[in-house]
Amino acid sequence: MPNLFSTFSGFEDPEHEAIKTLSGRMLRYRDLDQLSARLAGVLCDRGLRPGQRVAVQAEKSIEGLAFYIACLRFGAIYVPMNTAYTVDEATYIINDCKPALLVISDGLSAAGYAGSAHDTGNVAVETLNGPDGSLMSAAAQTVPYQSVYGATDEDIAAILYTSGTTGKPKGAMLSHNNLASNARTLVDAWRFSATDCLLHALPIFHAHGLFVASNVALASGASQIFLSKFDVPDVLAALSEATVFMGVPTFYTRLLNHADFNAQSTQTMRLFTSGSAPLLPSTFEDFEARTGQRILERYGMTETAMNTSNLYDGPRTPGSVGAALKDIHVRIVDAQGASVAAGQTGDVEVKGPNVMAGYWHAEDKTAESFTQDGFFKTGDQGYLDDAGYLFLVGRAKDMIISGGFNVYPIEIEQALNDREDVIETAVIGVPHPDFGEAVLAIVVPRSGYAFDGADAQSKLKQQLANYKLPKRIFERDALPRNTMGKVRKDLLRQDYVDIFNA
């Protein structure tokens, strides 16, 4: 399997428009090719070698996407980090993957990261602020690196960190083969071509925005309208030039709240997709009533990229994430690992060329995550109907998806339980009309203490990214438990299920 870079057919038509912004900036594929070659030249000048890690926490920009492409062509392993991470959260990843180069925006506490880099062995630090920063200055003075690293099936293209139930993030290793095969599959499944224009409003530090949206556009030679973030007026302003939009459910609920989002404003669009969180059937139905189009929902995760999709030409079933994509196998098993009948709920397992090689330096976690016959245990629960369509009914281990981001309760619980005025905590997700799910914390105050909720929120804000912060904190005298002493989070969810819909 060739380097993922070689899958990007857009570079075969250098004069075709590759990417542009609402401000009027535009790069053709030849421009994007040369920009990525210069940035790859910086990696060469800095003495990096293929296989070394490059960690990036920078605001979304054309240059940021070009730097990702540069890492692919050079053979460096790209390690994106959420721009909402605090220094402490990013430092854990830096310490774990030990990058040879750290690239950050000036606005993301460069001094703090320089200290983190020093602690991990004098890692070089560069800044990237769109067209500015030390990385771009270096690129302007270097010799373009025109070669393309000859990747094998085993060579890792990227490591994406996903939190685990212990609160310690794990680095999912995705090979060039994993990403290239998935990009080609999605190009075919969703009928992408060079005539398409993708309206890109997602961040590029996780799989959805980078490995689904941009990879598919680059692999098909399509154009991209690059928005720095999701903003309803900006999306409405760009829709008339686009043909495809990829979003999380929150995007669609916010668009539907705007009167100018209708059949007329979407008349050039041929496809809207949704993922990263469950799409409510009511949102699906409201969208169709407003625009005349049916959102295509699909299912993927950090460790596997895309697994299933509703059909482009065929049924798009509300509440379902569709059938298995080409060469990917999905099965439902019971607690003993035996396959169950159609319609019966169980654990979702997947197998295919899209599934990660394993977790970075975590052989035990990798072994736990795969069955003996090579299926990956997704941690999700669901069922398959008679047509092979997958319906997700819940997530094992109580993971919360808020606004498209994964939130693991234990990380927040540990932070709250460290307080002297708290004896124990349970963190749950409940339905929210905008975010899909909202994070709630239920605390049991320690006897003799008055729990200070405002102080707790303030301290959490210093420790955790904003999307992990509880929307509300409630106090209770005790948490419900089963006969084994385990907290009954299902009962807590029932108690607070309508808190944001009342």
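Fair warning: this is a prediction, and the values are worked out from it, not measured in the lab.
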- request: Could you walk me through whether Tyr389 and Leu311 pass the side-chain contact (heavy atoms from CB on, under 4.5 Å) test, one step at a time?
  value: CA-CA 10 Å; Tyr389 269 48; Leu311 296 176; 3.3 Å; yes
- prompt: When you measure from the centre of the six-membered ring of Tyr359, is the NZ or CZ of Lys365 under 6.0 Å away and within 45° of the axis?
  reply: no
query: Think Arg270 forms a cation-pi with Phe192, using NZ or CZ under 6.0 Å from the six-ring centre and within 45 degrees of its axis?
result: yes
Donor-acceptor contact below 3.5 Å, side chain [X] vs main chain [Y]:
X: Gln457; Y: Pro470; result: yes
X: Arg298; Y: Thr273; result: no
X: Arg53; Y: Val79; result: no
X: Asn95; Y: Tyr92; result: no
X: Glu89; Y: Thr86; result: yes
X: Gln293; Y: Met269; result: yes
X: Asn310; Y: Leu296; result: no
X: Asn417; Y: Gln414; result: no
X: Asn3; Y: Tyr149; result: yes
X: Glu297; Y: Phe284; result: no

- request: List the steps and the verdict of side-chain contact (heavy atoms from CB on, under 4.5 Å) for Phe11 and Ile69.
  value: CA-CA 11 Å; Phe11 293 113; Ile69 298 170; 4.2 Å; yes
Please tell me whether [X] and [Y] have a donor and an acceptor in their side chains that are separated by less than 3.5 angstrom.
X: Asn178; Y: Ser175; result: yes
X: Gln224; Y: Ser214; result: yes
X: Thr371; Y: Asp373; result: yes
X: Asp155; Y: Thr152; result: yes

Specify whether [X] and [Y] have parallel, tilted or perpendicular ring planes, treating 30° as the upper limit for parallel and 60° as the lower limit for perpendicular.
X: Phe5; Y: Phe8; value: perpendicular
X: Phe287; Y: Tyr252; value: perpendicular
X: Phe251; Y: Phe245; value: tilted

[X] atom [atom1]: more than 12 heavy-atom contacts under 6.0 Å:
X: Arg49; atom1: CZ; value: no
X: Asp313; atom1: CG; value: yes
X: Asp386; atom1: CG; value: no

Drop me the distance from [X]'s [atom1] to [Y]'s [atom2], to the nearest 0.5 angstrom.
X: Met356; Y: Ile156; atom1: CE; atom2: CD1; answer: 10.0 Å
X: Ile159; Y: Tyr78; atom1: CD1; atom2: OH; answer: 13.0 Å
X: Asp380; Y: Met301; atom1: CG; atom2: CE; answer: 5.5 Å
X: Lys377; Y: Phe370; atom1: NZ; atom2: CZ; answer: 10.5 Å
X: Asp334; Y: Thr345; atom1: CG; atom2: OG1; answer: 12.0 Å
X: Leu210; Y: Leu202; atom1: CG; atom2: CG; answer: 10.5 Å

Can you check whether [X] reaches [Y] side chain to side chain, under 4.5 Å on heavy atoms?
X: Val248; Y: Phe230; value: no
X: Val56; Y: Tyr68; value: no
X: Val54; Y: Phe67; value: yes
X: Tyr299; Y: Val348; value: yes
X: Asp327; Y: Pro353; value: yes

- request: Go through Val355 and Glu303 one step at a time and tell me if the side-chain contact (heavy atoms from CB on, under 4.5 Å) criterion holds.
  value: CA-CA 6 Å; Val355 178; Glu303 292 93 338; 6.0 Å; no
task: Walk me through it: do Val407 and Ile412 pass the test side-chain contact (heavy atoms from CB on, under 4.5 Å)?
output: CA-CA 9 Å; Val407 180; Ile412 306 161; 3.6 Å; yes
- prompt: Only one of Leu4, Ile328, Leu174 clears side-chain contact (heavy atoms from CB on, under 4.5 Å) with Asn182; which?
  reply: Ile328
Kindly list each side-chain donor-acceptor pair under 3.5 angstrom involving residues 426-434, sequence neighbours excluded, with atom names and distances?
from, atom 1, to, atom 2, distance (Å)
His432, ND1, Asp434, N, 3.0
His432, ND1, Phe435, N, 3.2
Asp434, OD1, Thr253, OG1, 3.3
Asp434, OD1, Arg254, NE, 2.9
Asp434, OD2, Arg254, NE, 2.9
Asp434, OD2, Arg254, NH2, 2.8

task: Test Glu413 against Lys489 for salt bridge (Lys or Arg N to Asp or Glu O under 4.0 Å), laying out the working first.
output: CA-CA 13 Å; Glu413 290 166 354; Lys489 289 190 174 182; 2.7 Å; yes
- prompt: Arg419 and Ala456: which non-hydrogen atoms are nearest, and at how many Å?
  reply: NH1-CA, 3.5 Å
message: On a heavy-atom basis, which atom in Ala100 and which in Leu48 lie closest, and how many Å separate them?
response: CB-CG, 3.9 Å
- prompt: Does any pair with a residue in residues 65-80 pass salt bridge (Lys or Arg N to Asp or Glu O under 4.0 Å), and if so which ones, sequence neighbours excluded?
  reply: Asp33-Arg73
message: Once side-chain hydrogen bond (donor to acceptor under 3.5 Å, both in side chains) is applied, do any residues pair with Lys351, and if so which ones, sequence neighbours excluded?
response: none
message: Please determine whether a side-chain nitrogen of the Lys or Arg among Glu288 and Arg316 lies less than 4.0 Å from a carboxylate oxygen of the Asp or Glu.
response: no
query: Any Lys/Arg nitrogen of Arg476 or Asp495 sitting under 4.0 Å from an Asp/Glu carboxylate oxygen of the other?
result: yes
